[in-house]
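First comes the structure, then the notes that go with it.
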Protein chains: 2
Amino acid sequence: MKQNSHEDAYALLRQSGHRATEGRARILEVLVKEQKPMTVPEIIKKLGHAGLNEATLYRALEALASSLVIRRVDLQKGNARHYEFVLKHHHHVVCLKCGVIEPFSNELCGRIAERAIKKSKLFKKASDHSLEVFGVCVRCLNKNHV
Amino acid sequence: MKQNSHEDAYALLRQSGHRATEGRARILEVLVKEQKPMTVPEIIKKLGHAGLNEATLYRALEALASSLVIRRVDLQKGNARHYEFVLKHHHHVVCLKCGVIEPFSNELCGRIAERAIKKSKLFKKASDHSLEVFGVCVRCLNKNHV
DNA sequence: GTGCTATTGCAAGTAAGTTGCGTTTGTAAT
DNA sequence: ATTACAAACGCAACTTACTTGCAATAGCAC
């Protein structure tokens with residue numbers, strides 16, 4: 001299975017109601033392989049020479065995100081949106097200096113989100129939640145001591 | 001005290017190691033009054049006619065955020081950064097359709113963040129965390145049924 | 001194959017945020 | 001009070017992220 005991520009990507013696209021196109025398959029392959037939140041400029045770099053058109057990429061990512069194939073993540077890292085392929089729901093610790101990301105999981109978090117919705121008057125159901133923890137990583141701390 | 005938010009703003013600026021300037025005081029007054037995450041364009045509107053220069057605003061907000069007078073919040077709402085004056089740490093439920101925001105508090109969340117840091121190899125201390133819950137508000141749900 | 005429509009590329013445009021630089025203005029020291 | 005220095009400011013030009021309209025292409029159902 002791991003042998004042919006291309007076929008996997010095609011299948012994933014069809015399952016989620018999209019057309020299985022070369023372009024979207026390649027986007028998915030990048031996100032699946034990198035396993036971290038990426039911006040459009042970053043994805044373009046990974047796609048390399050024969051990259052997709054910029055506009056197409058933005059549209060594809062929005063489409064994939066709204067059908068929950070990928071997830072849009074907002075980190076305090078630059079100005080660009082990040083998109084991530086998610087196998088298992090998780091969160092991130094982000095370094096405010098260098099932007100390095102470390103993922104972590106926590107079961108409670110979903111319940112906190114549920115409770116917030118229950119108490120809410122404006123909302124009935126949560127579709128997603130994000131918990132991001134910010135700090136300065138050990139490496140950057142050391143840099144500052146110099 | 002509430003009578004003169006201008007003086008309060010000046011004091012707050014000095015306490016946090018900034019110069020007490022007219023401009024930054026007015027920014028703070030807007031954020032304190034509105035009590036919600038705001039983008040630069042939104043702040044400009046509130047400042048009105050004799051608003052500050054755009055570049056100045058961006059620089060001021062970054063300065064205030066990095067000295068923790070205000071907080072940078074990332075919501076899945078448009079492309080712009082949001083800044084918020086925070087009296088008591090809290091989180092948000094955000095409508096993915098119309099962007100309406102409802103705040104909530106939860107004590108556990110801070111502990112989850114602490115635990116994530118403790119388990120981490122890259123980080124020793126968290127400086128902040130954010131939990132945002134996403135959904136579609138009741139009003140927008142009703143619109144879709146029509 | 002045929003036809004429909006999702007998807008794509010191109011090109012032009014908008015909006016958010018940044019940077020360099022010269023000027024102004026708090027503030028602390030005199 | 002005066003001075004001196006750095007923080008804060010305004011202006012203008014610039015970069016980057018993202019959007020939009022439209023015509024061309026290509027999946028997919030029949």
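The CZ atom of A/Arg72 sits 11 Å away from the C1' atom of D/dC18 (whole-angstrom rounding). Note: CG (A/Leu52) to P (C/dT7) measures 13 Å, nearest angstrom. Counting to the nearest Å, the C1' atom of C/dG26 and the OH atom of B/Tyr10 are 10 Å from each other. Atom CG in A/Asn53 sits roughly 14 Å away from atom P in D/dT19 (whole-Å rounding). For the pair B/Ile43 CD1 and C/dG17 P, the interatomic distance rounds to 10 Å; values are reported in whole Å. In this structure, the CZ atom of A/Arg26 is 15 Å from the C1' atom of C/dT7, given to the nearest Å. As rounded to whole Å, 13 Å separates atom C1' of C/dT25 from atom CZ of B/Arg14. Between A/Ile44 atom CD1 and D/dT16 atom P the separation is 12 Å, expressed in whole Å.
Residues B/Arg59 and B/Asn79 both approach DNA chain D. Their nearest nucleotides, taken by heavy-atom distance, put B/Arg59 toward the 5′ side. Both B/Ala80 and B/His18 sit near DNA chain C, but only B/Ala80 has its closest nucleotide nearer the 5' end.
A donor-acceptor pair under 3.5 Å is formed between the side chain of A/Gln76 and the backbone N or O of B/Arg72. Checking side-chain atoms of B/His91 against main-chain N and O of B/Leu131 turns up a donor-acceptor pair under 3.5 Å.
Listed nucleotides D/dT19, C/dT7, D/dA17 differ in distance to A/Arg81; the shortest reach to its side chain belongs to D/dT19. If you check D/dC11, D/dA6, C/dC10 against the side chain of B/Ala55, the one that comes closest is D/dC11. Distances from the side chain of A/Ala20 to the nucleotides D/dC28, C/dT18, C/dT7 place D/dC28 closest. With distances taken from any side-chain atom of A/Arg19 to the nucleotides D/dC28, D/dC9, D/dC18, the minimum falls on D/dC28.
For the pair A/Tyr58 and D/dT19, the criterion of a side-chain N or O lying under 4.0 Å from OP1 or OP2 is not met. Taking side-chain N and O atoms only, A/Thr21 has a distance below 4.0 Å to OP1 or OP2 of C/dT8. Residue B/Arg24 places no side-chain N or O under 4.0 Å from the OP1 or OP2 atom of D/dA7.
Note on A/Thr56: a base of the nucleic acid sits closer than 4.0 angstrom, heavy atoms only.
Applying side-chain contact (heavy atoms from CB on, under 4.5 Å) to A/Ile27 and the options A/Thr21, A/Leu52, A/Val32 leaves one that passes, A/Leu52.
Between A/Arg81 and A/Asp74, none of the side-chain N atoms (NZ, or NE/NH1/NH2) sits under 4.0 Å from a carboxylate O, so this pair counts as no salt bridge.
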For this session: Run the numbers on B/Cys95 and B/Phe134 for side chain to side chain contact (heavy atoms under 4.5 Å, CB included), then give the verdict.
Result: CA-CA 6 Å; B/Cys95 175; B/Phe134 304 102; over 6 Å; no

